[in-house]
4 protein chains.
Amino acid sequence: MSVDEERRSTRVKRLPREVRERQILDAAVRVFSQYGYHNASMDEISEVAGVSKPMIYAYLGHKEDLFAACIRREATMLMEAIAAGVTTEQAPDMQLWHGLRAFFQFVGEQKQSWRVLHRQATSQGGPFSEELLAMRGRAINLVDALLVRSATTRGEAPAKSTEALAAALVGASESLADWWLDHPEVSDKTVASWLMNLVWMGFGDLVTGTVWTPTPE
Amino acid sequence: MSVDEERRSTRVKRLPREVRERQILDAAVRVFSQYGYHNASMDEISEVAGVSKPMIYAYLGHKEDLFAACIRREATMLMEAIAAGVTTEQAPDMQLWHGLRAFFQFVGEQKQSWRVLHRQATSQGGPFSEELLAMRGRAINLVDALLVRSATTRGEAPAKSTEALAAALVGASESLADWWLDHPEVSDKTVASWLMNLVWMGFGDLVTGTVWTPTPE
Amino acid sequence: MSVDEERRSTRVKRLPREVRERQILDAAVRVFSQYGYHNASMDEISEVAGVSKPMIYAYLGHKEDLFAACIRREATMLMEAIAAGVTTEQAPDMQLWHGLRAFFQFVGEQKQSWRVLHRQATSQGGPFSEELLAMRGRAINLVDALLVRSATTRGEAPAKSTEALAAALVGASESLADWWLDHPEVSDKTVASWLMNLVWMGFGDLVTGTVWTPTPE
Amino acid sequence: MSVDEERRSTRVKRLPREVRERQILDAAVRVFSQYGYHNASMDEISEVAGVSKPMIYAYLGHKEDLFAACIRREATMLMEAIAAGVTTEQAPDMQLWHGLRAFFQFVGEQKQSWRVLHRQATSQGGPFSEELLAMRGRAINLVDALLVRSATTRGEAPAKSTEALAAALVGASESLADWWLDHPEVSDKTVASWLMNLVWMGFGDLVTGTVWTPTPE
DNA sequence: AATGAATGAGTTTTCATTCAT
DNA sequence: CATGAATGAAAACTCATTCAT
């Protein structure tokens, strides 16, 4: 091997699999989020990742697999961000409040992730929505538990529809986050408080002027 | 001329432009809703419509135009369905209730329309979301007016956030309808009542067991 | 038949075949000249002609036939224009001069015709060049005869290459006319005089500053 | 490995980009020249080149780009052929003579190239004629310089119209070459001498029987 | 005589995917 | 480990041409 070749082989790094995978996923999230699943081309992803296409296929598999991997990773990050904001020692309304704030903060900071996660995954059928459904299920469970605990704490029997309502709340959050993507001038705190008021007070109270405000911490 | 021939010649040939356009739109809604905008091929649409591709291009234009035309038509139908269910003479909560019922009924009966309208149009950028945004704007205005009227009726000043809350409600409805697509075992009335409870009573009341029920008509 | 229908049927003129054909040819020349043979669409021609496509097919035949008809018509007009400018009573150089002037005048006034005639027809193979070749042959014959007569008049035997030179002159004229299309700032007279100098004097004389000028009439 | 396999693997597989590009350009010139720009299909070119269509697009770009690349390549070859035949040490008339000979020799040997270069490019608008115009400009400059030098050598001031006359000569050459395409029975030397006589002697001399002949070398 | 309705056949172009090195 | 080279398959779109009225 000549000196030249040696130098080149040192420059052309043989990175460990883990690092390559992260590089690729980062690039994929960026490209999918910018162009959408279909308009994103493997060529572009490989270029952005600085990795040749065969490597992508070797590490992450076909386009579908790659996209699913993106969703999985981003969904996990989101759930972790929310979990970090909430502790079961807080009062129920404060738990919800912190959860919402954490959610909208994440969305605000990771718009790309959110785009991939929600808009793209939702509109593609099959395997993708499944990944998404799984995450949504976990979120719904969290909220459901919260509602049940809230009733139990007050010594009352929980309503039967808690799970459906939890689903509705999760849906409302996703939907509002989506809306927010197109209205970036509103702050994350404001958006969170709107939704908090809606779901906690209900229009019935709202129209009377009653407003929910977080208790000072 | 045999019966078959007659039937065929009645079915297939030299129809006036108007009729063909409707045929094409029907087929397009079906195909777009089933495969999504990108995976839907003009070939498939033309086959389903029983019309050659050149006719599609001649009458409805390029793929984008065709899709936009679908959205426009379906959105109009939805708004009309809702408007038909609501009259301003009803009490505010009953107006909301009837609006929600009409909405979920439409979605239940026209799942295809809804798929095209919401899922697909949302995930495609640019011109498509605009058609959708326009419709959403009209819906939000309706709800906003409702909330304002509701407060005024009670002799109170309307809250400042009514428009944002209206937006949230509309978003929640869309989101819940979307969720419902994947959970067809629930009845439309049930879904509507869930959302009604959420937005009218709020979790704050709900966890205490208070429930909103429609006043008997 | 109602009054309305009658009025309309009066407006929708049933023109005699001749008139229709001219309408169509005019439109075809315009469209072919603007877009080139291939990019010109029968649709566009029918629109410009104010006549439906089936009429075109009925009167002038297929696209190729139509184009050939255009060439034929325009070529005839050009030859007639030239013939009108020249009489055999003039001195040979004056005949050439008038012929050139007539040619460039025609090209200048009928740029569209010329475009169809020369540029388009030349670049399309087969049937079209034949029409063109025929016309060019007639032109070459004219010039050839001129050269021969010129020699005979001076009591000399004509050179053997007169026909080839005639061809070269015709080619030079066509070529210069083509060049002129893209340099419209030069007057037709100037262009004609350039060519006249070139072919009559030759570079050999030209570089000595000798110039041919038309004798005053 | 059998001989056949070896041969095939040497012929067909994994060639470096450079080679493939040349293969493709060769095929493109052939096909464009045979069918004309519009009637040439990328399919045919790819077949003739023995390469799949995606490679063409990857290496040479869209149809327009490919065509422009053909023109550029062939034009360069032509100019080089002419330049190789002429040296400024020769007398002016000999320079012109050698230039013409080289030109007609090239056209005679590369009829395909010439077809692409001139007929096709001329009839297509825009980007293609530009490539051609550039080359023509260089040719005209050459001739212009020649004429000016010729006058200066004789101690005379050059005529003002040298550039226009240079243009006419170039046009005449192109035109004559074009004519020659359809009259292959004439030798290249003959065609060149015809044109030489025309432009150097002029008809005025010619009709008197004066003829220019190359001085023996 | 005249036309709106209709299409078969073909074109360029793009992309996910895989060898051979 | 890593990649440049290569392609099969399909998609959007267009157009000359012809019926049925």
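What's counted below: heavy atoms across the whole structure, side chains too, no hydrogens, waters or symmetry copies.
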Response to the item:
Atom OH of D/Y57 and atom C1' of E/dA16 are separated, to the nearest Å, by 18 Å
Worksheet item: Within this structure, what is the CD1-to-C1' distance between D/I45 and E/dT13, rounded to whole angstrom?
Response: 14 Å
Worksheet item: For the pair made of CD in C/Q23 and P in E/dA2, what is the distance, rounded to whole Å?
Response: 10 Å
Worksheet item: To the nearest Å, how far apart are A/E47 CD and F/dT3 C1'?
Response: 14 Å
Practice prompt. Would you indicate, yes or no, if F/dA2 has its OP1 or OP2 atom less than 4.0 angstrom from a side-chain nitrogen or oxygen of A/R20?
Written response: yes
Discussion item. Using every non-hydrogen atom in the two residues, find where C/M42 and C/K63 come nearest and quote the distance to one decimal.
Written reply: SD-CG, 3.7 Å
Item to complete: Report the residue (C/K63 or D/S52) whose heavy-atom-nearest nucleotide on DNA chain F is the more 5′ of the two.
Response: D/S52
Practice prompt. Could you check how far CD1 of B/I24 sits from P of E/dT7, rounded to whole Å?
Written response: 9 Å
Item to complete: Give a yes or no on whether the backbone of A/H62 and the side-chain of A/D65 come within a donor-acceptor separation of less than 3.5 Å.
Response: yes
Worksheet entry | Considering all heavy atoms, the nearest A/Y35-A/A40 contact | CB-N, 3.9 Å
Response to the item:
Comparing A/D43 with B/A58, nearest DNA chain E nucleotide closer to 5' gives the residue B/A58
Worksheet item: Would you say A/H62 reaches E/dA16's phosphate, i.e. side-chain N/O to OP1/OP2 under 4.0 Å?
Response: no
Discussion item. I need the CD-P distance between B/E64 and F/dA11, as an integer number of Å.
Written reply: 18 Å
Worksheet, complete the sentence: Its dot-bracket string being built from Watson-Crick and G-U pairs below 3.5 Å, with | for another strand and [ ] for crossing, DNA chain F has the pattern .||||||||||||||||||||
Item to complete: Write down the atom of C/E64, the atom of C/Y37, and the distance for their closest heavy-atom approach.
Response: CG-OH, 3.4 Å
Discussion item. Please classify the nucleic acid contact of B/M42 as base, sugar-phosphate, or nothing, using heavy-atom distances under 4.0 Å.
Written reply: sugar-phosphate
Practice prompt. Write down the atom of A/L66, the atom of A/I45, and the distance for their closest heavy-atom approach.
Written response: CD2-CD1, 4.0 Å
Fill in: Residue met sooner reading DNA chain F from 5', once B/Y37 and A/M55 are mapped to nucleotides
A/M55
Discussion item. With hydrogens left out and only the distance checked, is there a donor-acceptor pair under 3.5 Å joining A/K53's side chain and the base of E/dT17?
Written reply: yes
Fill in: Of the listed nucleotides E/dT3, E/dC19, E/dG8, the one nearest the side chain of B/P54
E/dG8
Worksheet entry | Whole angstrom value for the distance that separates C1' of E/dC15 from CG of B/N39 | 13 Å
Discussion item. Looking at A/H38, I'd like to know whether one of its side-chain N or O atoms comes within less than 4.0 Å of OP1 or OP2 on E/dA16.
Written reply: no
Item to complete: Kindly check if the number of other-residue, nucleotide or ligand heavy atoms within 6.0 Å of CZ (D/R73) is above 12?
Response: yes
Worksheet entry | Any B/R17 side-chain N or O less than 4.0 Å from OP1/OP2 of E/dG4 | no
Fill in: Length of the line joining C/Y35:OH and F/dT14:P, which is rounded to integer Å
14 Å
Worksheet item: B/L15 has a side chain; which of E/dA6, E/dA16, F/dA16 sits nearest to it?
Response: E/dA6
Fill in: Pair A/E18-A/E21, side chain to side chain contact (heavy atoms under 4.5 Å, CB included): steps then yes or no
CA-CA 5 Å; A/E18 241 181 286; A/E21 279 191 353; 5.6 Å; no
Fill in: Minimum heavy-atom distance B/S52-B/S46, with the two atoms named
C-CB, 4.1 Å
Worksheet item: Is the shortest side-chain N/O distance from A/Y59 to OP1 or OP2 of F/dA2 below 4.0 Å?
Response: yes
